[in-house]
Amino acid sequence: VSDRNYHDEL
Amino acid sequence: MNIFRFAGDMMHLTSILVLLLKIYATKSCSGISLKTQELYALVFLARYLDLFTDFISVYNTIMKLVFIVSSTAIVWCMKRDRVVRRSYDKQLDTFRHYFLLAASFALALLVNEKFTFQEIFWAFSIYLEAVAILPQLVLLQRSGNVDNLTGQYVFFLGAYRAFYILNWIYRYFTETHFSRWIACISGLVQTALYADFFYYYYISWKNNTKLKLPA
């Protein structure tokens, strides 16, 4: 979750 | 972004365009479940709360806006357009979608990445999207005959899910630390729901006959 682009999908 | 993900997004976009085309060209929404459309509008509204907080890419932002605007426009059209709403198969569209809403929200409260407002709504939107097609599939099964555009609409939606699975497989092997179990498991469930429909779609395509679902 620390990944900034975690929700990078639509 | 890989080719599978992009193809998936384009299939999703195509499905929405096919649905808009059907409604505008035939001035009819027969065979389309308003409940499924309402759930999809809610899915996008709940998921894209991050429009205000996170910027990923211009592509992402534009697609999010397109999905929000098009899905709410479809719901508005089916409910408010004088001509279109007359063709709505209300008596066939009786799936109790509030159960799906409640169950998805309860699951989102229990299983989420983080217990925050945004993450709970994100998880809720993922769970809801997985089951949102159910009222549509039930409606198609009840009406038996499926017109071409409606069949293509559901076909493209299913294709979108299939490409997302290929995308995850690709990302799993090419990215380090790729783990998003909530999205992947929900995505698998969602795609499995289309399996039956795909089977009959394939049969009708192979035999070049009208798509008909067994009662």
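Below, chains carry the letters A, B, ... as their sequence lines are ordered, and counting in each starts from 1.
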Report summary line: Max heavy-atom pairs within cutoff under 4.5 Å with chain A, candidates Arg5(B), Met1(B), Met63(B), goes to Arg5(B)
Query raised in the report: Can you say whether Asn60(B) sits under 4.5 Å from chain A via the side chain, the backbone, both, or neither, judging by heavy atoms?
Result: both
Taking [X] for its side chain and [Y] for its backbone only, find out whether a donor-acceptor pair lies under 3.5 Å.
X         : Y         : answer
Thr150(B) : Val146(B) : no
Asn112(B) : Ala108(B) : yes
Thr72(B)  : Val69(B)  : yes
Tyr127(B) : Val111(B) : yes

Report task. Name, in order of residue number, those residues of residues 21-52 of chain B that have a heavy atom at a distance of less than 4.5 Å from a heavy atom in chain A; otherwise write 'none'. Result -> Arg47(B), Tyr48(B), Asp50(B)
Query raised in the report: Nearest 0.5 Å, what's the CG-CH2 distance between Asn2(B) and Trp168(B)?
Result: 12.0 Å
Query - Which residues share a ring-ring contact (aromatic ring centres under 6.0 Å, His included) with Phe198(B), sequence neighbours left out - result: Phe155(B)
Requested in this report: Using the six-membered ring of Tyr164(B), assess whether NZ or CZ of Arg161(B) lies under 6.0 Å from its centre and within 45 degrees of the ring axis.
Outcome: yes
